[in-house]
Structure formats: C-alpha cells, structure tokens
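Read the structure below first, then the notes.
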4 protein chains.
Amino acid sequence: MSAQSPDTQSPRPRIRDAEATKSRILEAAKKEFAKNGLEGARVDAIALEANANKRMIYHYFESKERLFQTVLENAYFDIRESEKKLDLDSLDPREALERLVRFTWNYYIQNPEFISLVNSENLAQARHLKSSETVKIVSRRFVGLVDTILKRGVAQGLFRKGVDPVQLNITIAAVSYYYFTNQYTGSIIFERELMSEAAQAERIRFNIETILRIVSL
Amino acid sequence: MSAQSPDTQSPRPRIRDAEATKSRILEAAKKEFAKNGLEGARVDAIALEANANKRMIYHYFESKERLFQTVLENAYFDIRESEKKLDLDSLDPREALERLVRFTWNYYIQNPEFISLVNSENLAQARHLKSSETVKIVSRRFVGLVDTILKRGVAQGLFRKGVDPVQLNITIAAVSYYYFTNQYTGSIIFERELMSEAAQAERIRFNIETILRIVSL
Amino acid sequence: MSAQSPDTQSPRPRIRDAEATKSRILEAAKKEFAKNGLEGARVDAIALEANANKRMIYHYFESKERLFQTVLENAYFDIRESEKKLDLDSLDPREALERLVRFTWNYYIQNPEFISLVNSENLAQARHLKSSETVKIVSRRFVGLVDTILKRGVAQGLFRKGVDPVQLNITIAAVSYYYFTNQYTGSIIFERELMSEAAQAERIRFNIETILRIVSL
Amino acid sequence: MSAQSPDTQSPRPRIRDAEATKSRILEAAKKEFAKNGLEGARVDAIALEANANKRMIYHYFESKERLFQTVLENAYFDIRESEKKLDLDSLDPREALERLVRFTWNYYIQNPEFISLVNSENLAQARHLKSSETVKIVSRRFVGLVDTILKRGVAQGLFRKGVDPVQLNITIAAVSYYYFTNQYTGSIIFERELMSEAAQAERIRFNIETILRIVSL
DNA sequence: TATGAATGAGCTTTCATTCAT
DNA sequence: AATGAATGAAAGCTCATTCAT
C-alpha cells in the first residue's frame, strides 16, 4: 500500500505536491465531466483517473459542483488565451475572419471537452458561470476582436456597414459548434459520416464562405 | 396535450385508461429529461408529474433508458410532422427558405425540450437513436426538403449552383439551435439579454439574411 | 386480445373451465417453485406459463404462499398414490425392498420437482405442511409399507431382527434423494459427471446393495 | 466467532478495521443466507446483524450474489479444514470409518448453516461454485480420504474389494445430510421427533452400522 | 369466469460526502 | 498532505397484491 520508498524514482509520483495533485484532478475531471455530463460524472472515476484520493478532491475543491465550476472556468480561460495569440490585427480583414473561423474549428477539434462542458453548463442554466468573475473578464476582451475586424473591413471598403459584431460572433461559433455537438445525431439523420477528414474539410470551406458572404458588400 | 377536460383538473386520474396514462407519462418524461438531462432526470419526479405510479413507467416503458428513447423518437417524429405541413413547394424559393428559417426558430421556441433532448442524446453519442428505425425513416423525407428548394431556385436563376443541401440544412439549424442552446452562457459572455423579444427578432432577421446570402448569386 | 369467438375451436382454450384453469396454474406453479424456490418464484411467471391471468391465481389460491402449499400437498399426494400401486406384498421381501429402492429412484427422476419442493419446504421449516391434514393422512399409510416388508423378511428368516423401519425408510430415501439434490455441487466436488446413464445405473446398484446389507443377517 | 472481546459487547463497532468488518459481514451473511436462502436473504438484514453499513457490503463484496459465493467458499473451506484434522490414517480402518461418520454428523450439528447453504447452491445449479477454484482444490484432498481408508481395510483383510470410494463417500454424507435437511418435513411425515438427543444417538448408531455393513466382507 | 390497470412496500444498488488516522 | 473506512440518502427497479370492469 504505502511501500513507496521516498528516494527511489517512483513511476507515478506520490510526492506531496499539492499543485501537481490539483492539476491531475482537474485534468481528470475535465475528461469525466465532458464524457458524462455534470450529473453523469462520477467522483470515484475522477479520483481513479487522477491517480488521487477521493478525499483530496474534497480537500481542494470542496464539492463536485465547485470542481465543475473550476473546470469550466479554466476551459473558458484557455480558449480566450488561445484567441489572444491569433494576432488578427496584422491581417487583411477577410483573412482575419477566415483565420478566426479556422481557429474556432480547430480549437473544437483539439479540445472536444470544451463543447461538452459548455453544453452541461447550459443544461444547468449557467448557474456556475453566474458567480464567476474570471469568465466575465476574459470574455470582454474576446467580444472586441470581431468588432475590430469588422470596423477595419468597413473602413477599407471591403465589408458592408451595419453588421452586428455580436450576431456575427455568435454565427461564427454556431456553424462550427453545432456541427460538433450534433455529430452523433447528425450522422444518423443525414445518413452521412460527418467526421471524416473530407467531410470536415468541406464543412470548413462552407463555413468560411458563409461568414464572408455575411459581411460582403 | 392529453385528454383531460379543461375545466375539471382531475386530482387523481384513477381512470383505467392505458393510452392516457402512457401519454401522461411521456409528457412528464419529456419535461423532466429536458430539464435535467438523461442522468439528472428522476423517475420519481416523472411519476409524480404524470400523476401516475412509478411502477406504471416500468410496466409500459421497461426502463428509464427506453423511456428516454421513446420520448426522443416522438420528439423527432413531431418536428418532422410539423415540417411536412409547411407546404414550401408552393412558394417562391427565397420565401420558402425564409419560411423554413422562421419555422425552425419558432419550433425551437415553442418546443424548448427538443433542443435539450437532442443535446442529451448527443452526450450519449446517439446510442438510443441508433436502434430507432422510426427516426431514420422520418428523417429521409426531411432532408429532401431543402434540396428541392435549392434546385427550384437554381432553375429559376435565383440561386447560385453548387450549394450542398446538407451543408445548408445544417447551417439553417445551427444558426438557430446554437442561439438557444447557448442562451445561458451566451447571456453572460456577451453581457446582453439574448432572449428578449427584440433580441429574438433581430436574430431571426440576421439568420434569414445569412441563409439567403449563402445561396445568392 | 379478446377476439376468441365462442364457437370456433381455439388452440388454447379460453373456455371458462374452472378446473382446467386451476390445474394449468398448479402445473405451472410446480415448475416455477421447483426451479426457483418459494422466494425466487414469480407469480407473473406462473401466470404466463399457465396461460392464465394473474388475477386468477389469487382468485383460486388466495396467495402465493397458499398456492405453494397446494402444490406441495399435491406432490406428496402423488408420490404416495404411486407407492400404493407398487404391490409389494406379493413379492419376496428382498425383491420388495429392491423394487422400493428402484421405485424411489425412478420417481425422483421422473418428478424432479418433488425434491426441489421438499427442499423449499424444509427451508421454510415445514410451515406449510404443519397445517396440512391431507399430508399427514397419506403419510401414515406409507410408513407402514417398509414395516410390513421387514416383518415378512424376519418371519421368513431372511432379514435380521431389530431393524427400525423408520430408520430404514429414511435411509432408502436418503441414498437416492441426496444424490439428486446435490447433483450440481456433487459434480464439482467429485469432478465426475453424476447424472449420466452409466453413473445412474451404478448408483442404483450401490443403493440396492446398501439397503439389502442393512437388513441381511 | 469474530475478534470481539467476550465480556464487552460493543454497541457500535465504529472501529476502522476493514478485516473485522468484513468478517462480521460474512458471519451475518452466513446466518441470513442459511435461514432464508439466496433469494430470501435480505441485504438490509445482513447489514443490521453485522452491525455494519449496507454500503460496506457492496464495497467489500460487490453484490449479493458475490457475497453468497464468498460465504459458500468459506463454508467448503472450513469443512475441509476440519476433516484434515481428523487424523484417520493412524486408526484401524473400521474405527476410521466410524470416526468419519461421527465427524460428518457432528459437523452438520455444529454448523447447521452448511447444509442450508449447499441446498441453496444446488437450487442455483451450482453456478457460484463453478467459477470457484478454491473449492475445487480443497475438494480434491477430501475425496482421497475415504479411498485411503478403503484400501487399508482391504489390505488388512477387513473390507471387501470393489467398493467405489466415491459412492461410499456420497453415502456417508447422504445418510446424515438427508436426516438434517429433511428434519422438518420428516418430523411431520413420520410423526416422530427426529431431533431429540435420543433420536440423534439412534440415528448415528444406525448410520455407522450402515456404512460398516457396506464395506464388510 | 376472466382480465388489464394500478399500487405500496421494499428490494438491490449507487452516490456524494465525511470520519478517523 | 494524504488515505481507507464508513455512511445517509436516494436512486432505479421489482414484487405480490388489489381495483375496476
């Protein structure tokens, strides 16, 4: 049981490292919540996957609900951090939009938990996000992104006037998000494999076309 | 919904009417599953709401999982039935698309459970839909709808060629669906009331514009 | 459901025949109780197997417990009736014993439920038999059987004196009964197929030998 | 039975001792299964009797069925352990057989659950034993016991040749086992008190006689 | 006589959480 | 910091039995 000698190299470090334990728990929790939803997730499963003790979860995160909140906040924080690195201001407005659409798509691909977590939070009517200051702060920055691109496009005579940046923002998310979140039912309804490489490439192209047509003169 | 006479709210329908009981259970289950997800839904709560006995649920539907499947099949059946009544073929292709976008929006408004159920099913990786023949059959009809409109539009020189009807179909759903399913987190992220009458009207307009621009020459 | 027209010949007679229904229920109950024990037996399963309505069971037999009692009484009645037909008094005492041993064996083979029912009743500490007059009456006759054979054997100088007929009776039953009731665990413990034709023949021979040795001079 | 000190009956053993808890559960389960059978046994009753939490039962034993399996394996293990201590090889073959018959009898008297558990397992068609390696191993040793005695008896000119040790083994068990398992119905059928001290002594004598007559020249 | 609908009590099992060390 | 033992509440589900026709 406790046969770890302290100085030999252990494959899975039981070293008393609070930060490491916390982050292992968070990683495991993200997976479990994404896979099974808030209600479906099992604290036991998280502890097992995190190679941690169940008691630790309560020690660090107080409750399952709070753990979910932390996972969710981190998820929002991460996506906003990634967006910051896009450097859209240096690009031609049309290319900036295209890059943003591609980025959104790729982010969902590489972080499939994100969508699932957001769905869970919406099922819970965003009750965890409501009390989260962090999320509100990082979100503000993000909404400004599209607004800037639109204004630059209009100034350069490339885009039409009057496009609401929030509506556009929502639509950029929607055309990718929906495709992923509904991939399982969609594959059945449309009797088509929606997640093959080819199908994905086609969808990205379609989405870029859609967004550019929205802003075009 | 059910055959209750409207002015006498029967306190305890001990009437021995299997069909009525079944449909009360289904109605209650739809609500509960929509509100709390598949895992979060409580069989007790369904029985209570249906003014039925828990035992009856198992008698008629075998298990919670099967009950969910039935609810889901009915939901798909209902939306497809409503679409059938749209009579789009008699309209100008542009008007037909507009009506379809509006219909989709209104259906989600009037049947908020639909989105929630579909989300739950996707969390479950569509395992209930997979074994459902009913859904596959009713879906086939529906996919043809947009295809017909597109072809008519192209023939009349109103729409460009080469628009994939499945992609368009998905996009029509996406721009409405996403708005609803993410209304709670969205309201926080965008710091804007997304479900007010005005906000809704604006979104519908934006969506119609989006869809028409996709097909325009 | 109730589409039986009264005058056409129906494959499974739904004719209102109380005796037939009762006996179908009894037959089904015997099987179910034998297979699953008193607790393990399911009233539903009995009704299904009997091609009868569950309500009928309660109509005719009052409760599951009383149904079990009736089944058990019948089982005892049947075995005693069969024994009566053996006509042992006309045989040589040794042959009479042999026939009795063979009969016991064969009865268990042909009525495997008997053993199982008796086991169930013993688990219930014979609480159903206690109140049964029928069983006490038919049993009395039976105990006399062996006593008569023994006396005849002693009189003819074939058997030794002083063998207790009750002990012998018990032993005759024991050497067969145990073999059957423990056939499943026995096959594992002894790593031997106990129920093959050859194994059975061998056991019968051994049992006859055992019983005859008990009484021999 | 367990490690409770004899004079202080501890009202609520909240001691955090996994082994003790497990063995209390096993002891209680043995009683409950013996009394009510596999189906009739109540997990609640076991928890109560074990002075443990119902949750602990599932923690340690996974399911009611597995708990039964463990109880059963232990029961077989215990009887075989006791037999090992008999030291039959040092005795005269006839005395060895007598001792074995007496031992069997006494073991059933002192461990009345054993018979009941075995009966339950046979009702279940030995499905728990099938997957138990432990039982198969301990059984092998036991079967050799009688074989050795028989061979020694034949070598010394005391027993006849050709007696199958397995048949003898079964018969030794049968004449005691049947008496106990059928004590309740037997007392009614034979209208005789079968479990009095005198009745028992008489039965033991009869059984020893029976077994010795089987092997005698 | 016969039946399908309905039920309350209670079953096994699961879960998030807390206790003791 | 870390852990295994323990628990109350409640979940899904099953059962013998009764009701209404």
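Only a predicted model underlies this, so the values are computations on that prediction, with no experimental measurement involved. Throughout, protein chains are lettered first and strands after them, A, B, ... in sequence-line order, and every chain is numbered starting at 1.
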Between C:Lys22 (NZ) and E:dT1 (C1'), how many Å, whole number?
13 Å
Quick one: does any side-chain atom of D:Gln69 pair with a main-chain N or O of D:His128 as donor and acceptor, under 3.5 Å?
yes
D:Ile25 CD1 to E:dT13 P: how many Å, rounded?
14 Å
For residues 36-44 of chain C, which residues have at least one heavy atom under 4.0 Å from DNA chain F?
C:Ala41, C:Arg42, C:Val43
Can you check the C:Met56 CE to F:dC19 C1' distance for me, whole Å?
14 Å
Does any N or O in the side chain of D:Glu39 come within less than 3.5 Å of the main-chain N or O of C:Gly37, such that one atom is a donor and the other an acceptor?
no
Hey, is OH on D:Tyr60 packed in by over 12 heavy atoms from elsewhere, all under 6.0 Å?
yes
Kindly indicate, with the supporting measurements, whether the criterion salt bridge (charged side-chain N to carboxylate O under 4.0 Å, His left out) is fulfilled by C:Glu113 and C:Lys31.
CA-CA 7 Å; C:Glu113 314 89 0; C:Lys31 265 168 124 172; over 6 Å; no
At under 4.0 Å, does any side-chain N or O of B:Asn53 touch on OP1 or OP2 of E:dA5?
no
Once you round it to whole Å, what is the distance between C1' of F:dA5 and CZ of D:Arg24?
11 Å
Is D:Ser63 near enough to E:dT12 that one of its side-chain N or O atoms lies under 4.0 angstrom from OP1 or OP2?
no
I need the CD1-P distance between A:Ile57 and F:dA1, as an integer number of Å.
16 Å
Check whether any side-chain N or O of D:Lys35 sits under 3.5 Å from a backbone N or O of D:Gly40 as a donor-acceptor pair, and report yes or no.
no
Picking from F:dA16, E:dA2, F:dA5, which would you name as closest to the side chain of D:His59?
F:dA5
Distance-only donor-acceptor test, A:Lys54 side-chain atoms vs F:dT3 base atoms, 3.5 Å
no
Short side-chain N/O contact to F:dC15 OP1/OP2 from B:Tyr58, under 4.0 Å
no
Using side-chain heavy atoms (C-beta onward) and a distance below 4.5 Å, is D:Glu121 in contact with D:Phe68?
yes
So which one's nearest nucleotide on DNA chain F is more toward 5', C:Arg55 or D:Glu19?
D:Glu19
Whole Å only: how far is the CD atom of A:Glu65 from the P atom of E:dA16?
11 Å
NZ/NE/NH1/NH2 to OD/OE distance under 4.0 Å, B:Arg24 and B:Glu49:
no
What is the nucleic acid contact for A:Tyr60, judged by heavy atoms within less than 4.0 Å: base, sugar-phosphate only, or nothing?
sugar-phosphate
Are the side chain of C:Arg55 and the backbone N or O of C:Ala52 linked by a donor-acceptor pair below 3.5 Å?
no
Euclidean distance, atom NZ of residue B:Lys64 to atom P of E:dT13 [Å, nearest integer]:
18 Å
Using atom types as modelled and distance alone, determine if a side-chain donor or acceptor of C:Glu73 lies under 3.5 Å from a backbone N or O of C:Thr134.
no
Applying side-chain hydrogen bond (donor to acceptor under 3.5 Å, both in side chains) to C:Thr185 and not counting sequence neighbours gives D:Asn122
Between C1' on F:dG8 and CG on D:Leu48, what's the gap in Å once rounded to a whole number?
15 Å
Give each stem of DNA chain F as a range with a range, requiring at least 3 consecutive Watson-Crick or G-U wobble pairs whose two distances are under 3.5 Å.
E:2-21 with F:2-21
